[in-house]
Amino acid sequence: MILTFTDFGHEGPYLGQLEMVLRRLAPNVPVIHLMADAPSFRPRAAGYLLAALAQGAPPGAVYLCGVGDSSDGVMLRAGEYWFVGPDNGLLEPVAVQAADAAWWRIEWRPRKMSASFLCRDVLAPVAARLALGIEAEAAGGVAPERRALSCPADLEEIVYIDRFGNAATGIRGSRLDKAAMLEIGGRRLKRAAAYADAAPGGLFWYVNSDGLVEVAGNEVSAADALGLAVGDPVTVECS
């Protein structure tokens with residue numbers, strides 16, 4: 001199985017071109033477009049979202065990732081999954097949160113490639129090979145030295161805002177106790193277990209279905225009410 005995680009959007013040709021390459025090279029491998037609206041040009045924020053979403057797929061699944069720009073690509077083996085993406089920090093949160101991680105630098109290049117679509121021309125063929133069971137070196141990778149990762153295990157920022165105005169952070173819900181307070185947008189918010197536990201119009205934080213701390217409102221857009229944007233800081237006050 002190949003799961004795509006990109007900021008390409010569903011408009012325009014980009015996602016379709018990506019799938020066309022995958023279908024040509026690995027026609028019998030299922031392709032799922034997990035996310036096409038990851039935070040644009042924000043690989044660090046997107047990386048924490050990717051780490052949260054990368055669960056539930058069958059062992060050996062390959063995540064093909066495209067957020068932000070880079071002239072180089074990497075392969076990451078984290079637990080039982082493969083991740084193929086640009087070498088711009090996108091995959092580092094996945095590696096930091098994984099029990100074990102191994103990296104390969106992608107040196108393979110096609111005979112013909114564009115200067116602006118690394119994900120289609122390089123990363124997609126490599127992901128297809130991995131999904132077919134081809135070893136990382138034969139797929140185009142060279143194992144580098146162990147990477148020194150500087151990103152924290154949790155990111156105290158907004159990493160994604162959905163169409164309802166709910167604002168997910170890069171903080172894992174397992175880190176916070178129920179009494180913790182969140183300070184964001186000039187407000188201090190308490191935890192609620194679910195939307196119905198807050199009064200209409202009330203703002204709160206909760207642990208979303210992907211395990212991330214999220215700021216939300218009952219029948220109201222938290223992002224609009226608090227003026228939130230991706231990258232805004234969040235302060236945690238633990239009891």
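If you're wondering where the values come from, they're calculated on a predicted model, not measured in any experiment.
- For Asp69, the CG atom is loosely surrounded, since the number of other residues' heavy atoms within 6.0 Å does not exceed 12.
- Ion pair Asp121/Arg111 not flagged as a salt bridge, since none of the NZ, NE, NH1 or NH2 atoms sits closer than 4.0 Å to an Asp/Glu carboxylate oxygen.
- No side-chain N or O of Ser70 forms a donor-acceptor pair with one of Asp87 less than 3.5 Å apart.
- In this structure a side-chain-to-backbone donor-acceptor pair under 3.5 Å is present from Gln97 to Ala153.
- Side-chain contact between Tyr63 and Tyr81: present, with at least one pair of heavy atoms (C-beta onward) separated by less than 4.5 Å.
- No side-chain heavy atom of Glu214 sits less than 4.5 Å from a side-chain heavy atom of Val207.
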Under the salt bridge (Lys or Arg N to Asp or Glu O under 4.0 Å) criterion, do Glu107 and Arg105 qualify, and how do the steps go? CA-CA 6 Å; Glu107 290 199 341; Arg105 184 178 62 258; 3.1 Å; yes
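- Checked options Leu130, Leu50, Val62; the residue passing with Phe83 is Leu50 (criterion: side-chain contact (heavy atoms from CB on, under 4.5 Å)).
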Given the rule in the side chain to side chain donor-acceptor pair (under 3.5 Å) test, do Tyr160 and Asp37 qualify, once you have shown the distances and angles that lead to the verdict? CA-CA 9 Å; Tyr160 180 68; Asp37 65 336; 2.7 Å; yes
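- The two residues Val67 and Ala46 make their nearest non-hydrogen contact at CG1-CB, 3.9 Å.
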Any chance you could lay out the salt bridge (Lys or Arg N to Asp or Glu O under 4.0 Å) test for Arg175 and Glu156, step after step, and finish with the verdict? CA-CA 12 Å; Arg175 172 186 160 187; Glu156 295 185 352; 2.7 Å; yes
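- Side-chain contact between Met35 and Leu53 is present, with heavy atoms from C-beta onward closer than 4.5 Å.
- Within 6.0 Å of CD in Gln55 there are more than 12 heavy atoms belonging to other residues, nucleotides or ligands.
- Tested against Arg23 for a side-chain contact (heavy atoms from CB on, under 4.5 Å), the candidates Val31, Asn28, Val29 yield a single pass: Val31.
- Annotation: side chain of Trp104 is not in contact with side chain of Leu76 (no heavy-atom distance under 4.5 Å).
- Tyr195 and Tyr206 are linked by a side-chain donor-acceptor pair at a separation below 3.5 angstrom, with hydrogens and angles left out of the test.
- Contact of the Leu226 side chain with the Ile184 side chain is registered, since non-hydrogen atoms from C-beta on lie closer than 4.5 Å.
- Heavy atoms from other residues, nucleotides or ligands lying under 6.0 Å from CZ of Arg109 number more than 12.
- Rounded to the nearest 0.5 angstrom, Ile106 CD1 and Leu118 CG are separated by 7.5 Å.
- Contact of the Ile2 side chain with the Ile32 side chain is not registered, since no non-hydrogen atoms from C-beta on lie closer than 4.5 Å.
- Side-chain contact between Pro86 and Asp72 is absent, with no heavy-atom pair separated by less than 4.5 Å.
- Smallest separation of non-hydrogen atoms from Glu219 and Pro200: OE1-CB, 4.0 Å.
- Looking at heavy atoms from C-beta onward, Leu64 lies in side-chain contact with Cys119 at the 4.5 angstrom threshold.
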